[in-house]
S.K.: 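Provided herewith is a single structure, encoded as structure tokens, for subsequent inquiry.
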Protein chains: 2
Amino acid sequence: MTKKLSTLADLAREAGVSESTVSRALSNNTLISQKTRDRIQALAHEHNFTLNTAARNLRLQKSNTIAVVLLIDSDADQSVSDPFILSILGVIADELSQHRYDVLLVSHRTKDAKNIRQYLDTKRADGLIVFGQGDSGEHLSALLNQNLPVVVWGAQTPAASYVTVGTDNVLGGRRVTEHLREQGCQRIAFAGHLSFETAQRYQGYRQALEAAGLRNSHHLDIHFSYEDAYQVTKTLLDNNEFSYDGVVAASDSIALGMIRALSEAGKRVPEDVAITGYDDIAVAAYMQPSLTTIRQDTRAGGTCLVNTLLAQLAGESVQSTLLDTPLIVRQSSQRGGQSHQ
Amino acid sequence: MTKKLSTLADLAREAGVSESTVSRALSNNTLISQKTRDRIQALAHEHNFTLNTAARNLRLQKSNTIAVVLLIDSDADQSVSDPFILSILGVIADELSQHRYDVLLVSHRTKDAKNIRQYLDTKRADGLIVFGQGDSGEHLSALLNQNLPVVVWGAQTPAASYVTVGTDNVLGGRRVTEHLREQGCQRIAFAGHLSFETAQRYQGYRQALEAAGLRNSHHLDIHFSYEDAYQVTKTLLDNNEFSYDGVVAASDSIALGMIRALSEAGKRVPEDVAITGYDDIAVAAYMQPSLTTIRQDTRAGGTCLVNTLLAQLAGESVQSTLLDTPLIVRQSSQRGGQSHQ
DNA sequence: CTGTTAGCGCATTCAA
DNA sequence: TTGAATGCGCTAACAG
């Protein structure tokens with residue numbers, strides 16, 4: 001390792017040429033003779049030289065960076081902990097790095113959503129991928145109505161002016177509920193806090209109940225977490241207020257917490273209570289009982305988010321995508337049901 | 001929303017003062033009269049003005065950004081999928097954003113580890129948090145021997161010249177193994193691929209066996225994943241080659257995969273086979289049976305990584321930290337054991 | 001208290 | 001085929 005050459009000027013001096021020649025040589029510009037190019041590139045490599053990104057960005061007015069923005073509910077805990085989000089984030093980081101983009105990970109309180117424009121305005125990021133429209137769809141709409149390079153994870157709404165990639169949550173909610181009906185469940189509760197996307201799942205649940213001629217719906221308000229699900233369920237059971245034979249959980253995490261509480265209380269899943277989750281997180285297949293759920297394919301979702309954004313960046317006109325929401329039937333819901341008369 | 005003011009110069013013109021005054025006013029420099037400061041800050045706010053980060057970074061020769069580098073094994077799958085890593089990443093993002101730092105998320109093939117210096121050299125990041133020394137400790141040592149602002153997640157090694165935050169993997173491996181011995185296990189296998197950290201856990205496993213007078217160790221080579229663990233275990237069971245009554249799994253994921261395979265084959269956990277995991281991922285407490293494991297506290301770990309790095313950045317002298325590795329006893333390993341004669 | 005000036009490192013226009 | 005000069009937007013030393 002020879003001495004440190006940290007700027008173009010250093011390299012130029014070392015090579016005995018001008019800065020502009022080095023700049024061109026490094027970008028493999030054909031204006032420069034092949035010989036010079038080779039020589040300079042070799043030199044740069046030898047000295048482990050890399051361009052100063054800030055200077056380059058300033059000059060080029062772009063950043064080669066995509067900001068992934070996580071909008072965090074202010075009253076809930078502020079950390080990024082949802083396994084589904086974390087998992088799709090991993091996919092996005094992969095995809096983006098394959099396209100030679102850097103990923104800037106930022107989290108914002110929901111109510112500060114308006115600040116996210118700054119990443120674009122200050123050329124901090126070339127594009128944005130946003131999670132959490134759930135609690136701030138209206139903010140986003142106000143901000144993103146122009147043709148900005150932004151893709152939002154979540155459901156399309158008629159009002160929204162921005163491009164989204166997401167799954168059909170109403171359909172998903174309907175599917176699991178219908179499935180539980182087919183398994184013979186009579187009293188089916190919906191467990192989850194009704195934020196944006198989960199509210200849609202709830203809506204699907206309602207639709208399915210109504211289609212089955214059931215008038216009463218049951219909502220258990222549980223925020224996204226194992227612990228909360230466990231506690232709420234345990235309390236209900238302790239007070240003898242748990243009267244359901246089926247539960248549509250708004251997420252796999254919630255389903256897991258409930259299953260534990262039920263099991264500790266001596267209830268069998270699925271015999272006494274059939275349960276479905278939502279997301280198909282990695283462990284869903286590996287628990288006992290394995291979890292019936294709606295798959296949200298993180299690989300497909302992440303890839304689609306990235307591709308949509310890159311297409312936008314390339315000037316193509318893009319539209320929102322609705323990903324499929326397949327029902328994955330496993331043990332936690334299967335108990336023969338009516339179909340087996 | 002008035003017209004777009006995108007640079008300091010624009011703001012200065014609008015305010016009828018010089019650029020430097022605006023610059024100072026925005027940084028709340030007391031050189032500027034309170035009145036002027038207030039006026040300019042109000043103006044900036046009204047126009048939703050933010051500084052251009054690239055220009056600012058270039059001028060200041062710093063970036064207010066921490067790069068989190070994930071070193072990915074080249075022959076394994078390239079994606080960021082380990083739930084433990086993802087979870088600690090969430091914590092880091094939190095902590096860093098509370099300290100007003102941005103997080104640049106980058107993944108690199110292990111063998112390209114030497115490129116990670118560039119983030120520092122080009123002032124792309126003020127500091128680095130690195131995961132995955134496991135497979136590239138020697139590369140890192142070669143790179144990071146200077147007093148660079150870098151903190152590596154993982155175990156300390158005598159050779160390593162860099163600062164680490166991690167848990168005592170040897171101790172952890174020893175603890176679970178001793179625990180299984182206490183539960184009466186006679187033939188205990190270690191399940192996991194022997195990379196850096198897991199090799200240390202394996203070493204602890206060996207120590208515990210030797211201390212118990214057991215000469216034979218059993219190693220099942222399983223990479224980090226549910227699926228691989230499931231397949232390998234299933235194959236062993238199908239061939240009647242699974243002869244263990246205890247398993248020390250190198251990660252919770254592996255434990256889950258194995259438990260599923262065992263359960264499908266009609267083996268009971270913990271009665272027929274007692275199993276321990278490693279990490280204490282969120283679901284560990286919520287599965288059936290709940291998983292005995294070694295806790296790696298992601299909150300503590302992430303916080304410590306960040307604090308150590310920030311201290312380094314502040315010029316303080318810091319040293320490596322070894323976090324506690326508590327044994328969390330749950331159902332998957334408990335079967336009375338010898339102590340109940 | 002405020003303004004003028006210079007320069008961070010790079011890409012690019014214009015001139016040679 | 002190469003070099004000299006300019007400016008991206010910002011901060012800070014120096015002057016006033």
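In what follows, every chain begins at residue 1, and chains take the letters A, B, ... in the order their sequences are listed.
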S.K.: Could you pick out which residue, B:Ala55 or B:Thr30, lies toward the 5' side of DNA chain C when each is mapped onto its nearest nucleotide?
M.R.: B:Thr30
S.K.: Between C:dC10, D:dG9, D:dG3, which one does the side chain of A:Val17 approach most closely?
M.R.: D:dG3
S.K.: The side chain of A:Leu60 is closest to which nucleotide in this list: C:dA11, D:dC10, C:dC10?
M.R.: C:dA11
S.K.: Given 3.5 Å as the limit, does a donor-acceptor pair link the side chain of A:Asp10 with the main chain of A:Thr7, or not?
M.R.: yes
S.K.: Counting side-chain heavy atoms from C-beta on, which of D:dT2, C:dC10, D:dC10 comes nearest to B:Thr7?
M.R.: D:dC10
S.K.: How many Å lie between CZ on A:Arg59 and C1' on C:dC10, as a whole number?
M.R.: 7 Å
S.K.: Does a donor on one side chain sit under 3.5 Å from an acceptor on the other, for B:Glu95 and B:Asn307?
M.R.: no
S.K.: Rounded to whole Å, how long is the line connecting atom CG of B:Leu8 with atom C1' of D:dA12?
M.R.: 13 Å
S.K.: Any idea which of C:dT4, D:dC10, C:dC8 is nearest the B:Ser18 side chain?
M.R.: C:dT4
S.K.: Would you kindly give the CG-to-P distance between A:Asn57 and C:dC10, to the nearest whole Å?
M.R.: 12 Å
S.K.: Output yes when a side-chain donor or acceptor of B:Gln41 lies under 3.5 Å from a complementary backbone atom of B:Ala25, and no otherwise.
M.R.: yes
S.K.: Is a side-chain N or O of A:Thr164 found less than 3.5 angstrom from the main chain of A:Gly166, in a donor-acceptor match?
M.R.: no
S.K.: What is the distance from CZ of A:Arg124 to P of D:dG9, rounded to the nearest Å?
M.R.: 16 Å
S.K.: Taking only the side-chain heavy atoms of B:Ser20 (C-beta and beyond), determine which of C:dG3, C:dG9, D:dC10 contains the nearest atom.
M.R.: C:dG3
S.K.: Taking donor-acceptor contacts at under 3.5 Å, does the side chain of A:Ser33 reach the base of D:dT2?
M.R.: no
S.K.: In whole angstrom, what separates A:Asn52's CG from C:dG9's P?
M.R.: 7 Å
S.K.: Compare all side-chain heavy atoms of B:Arg117 with those of A:Thr50 and state whether any distance is below 4.5 angstrom.
M.R.: no
S.K.: Would you say the base of C:dT12 and the side-chain of A:Arg56 have a donor-acceptor pair closer than 3.5 Å?
M.R.: no
S.K.: Among D:dT1, C:dC10, C:dT2, which nucleotide has an atom closest to any side-chain atom of B:Thr36?
M.R.: C:dT2
S.K.: Quick one: is A:Gln61 getting a side-chain N or O under 4.0 Å of the D:dG9 phosphate, OP1 or OP2?
M.R.: yes
S.K.: Apply the side-chain hydrogen bond (donor to acceptor under 3.5 Å, both in side chains) test between A:Gln34 and each candidate in A:Asp38, A:Thr36, A:Thr30; give the one that qualifies.
M.R.: A:Asp38
S.K.: Between B:Gln34 and C:dC1, is there a contact of a side-chain N or O with OP1 or OP2 at under 4.0 Å?
M.R.: no
S.K.: Using a heavy-atom cut-off of 4.0 Å across all strands, would you classify A:Leu31 as base, sugar-phosphate, or nothing?
M.R.: base
S.K.: Nearest to the side chain of B:Ile32, heavy atoms from C-beta on, is which of C:dT2, C:dG9, D:dG3?
M.R.: C:dT2
S.K.: Among the nucleotides D:dC10, D:dG3, D:dG9, which one has an atom lying closest to any side-chain atom of B:Leu51?
M.R.: D:dC10
S.K.: Roughly, in whole Å, what's the span from CG in A:Leu11 to C1' in C:dA11?
M.R.: 15 Å
S.K.: Roughly, in whole Å, what's the span from CD1 in B:Ile40 to P in C:dG3?
M.R.: 8 Å
S.K.: Measuring from the side chain of B:Arg24 (C-beta onward, heavy atoms only), which nucleotide among C:dA11, D:dC10, D:dA12 has the closest atom?
M.R.: D:dA12
S.K.: How many whole angstroms separate atom CG of B:Asn28 from atom P of D:dA12?
M.R.: 14 Å
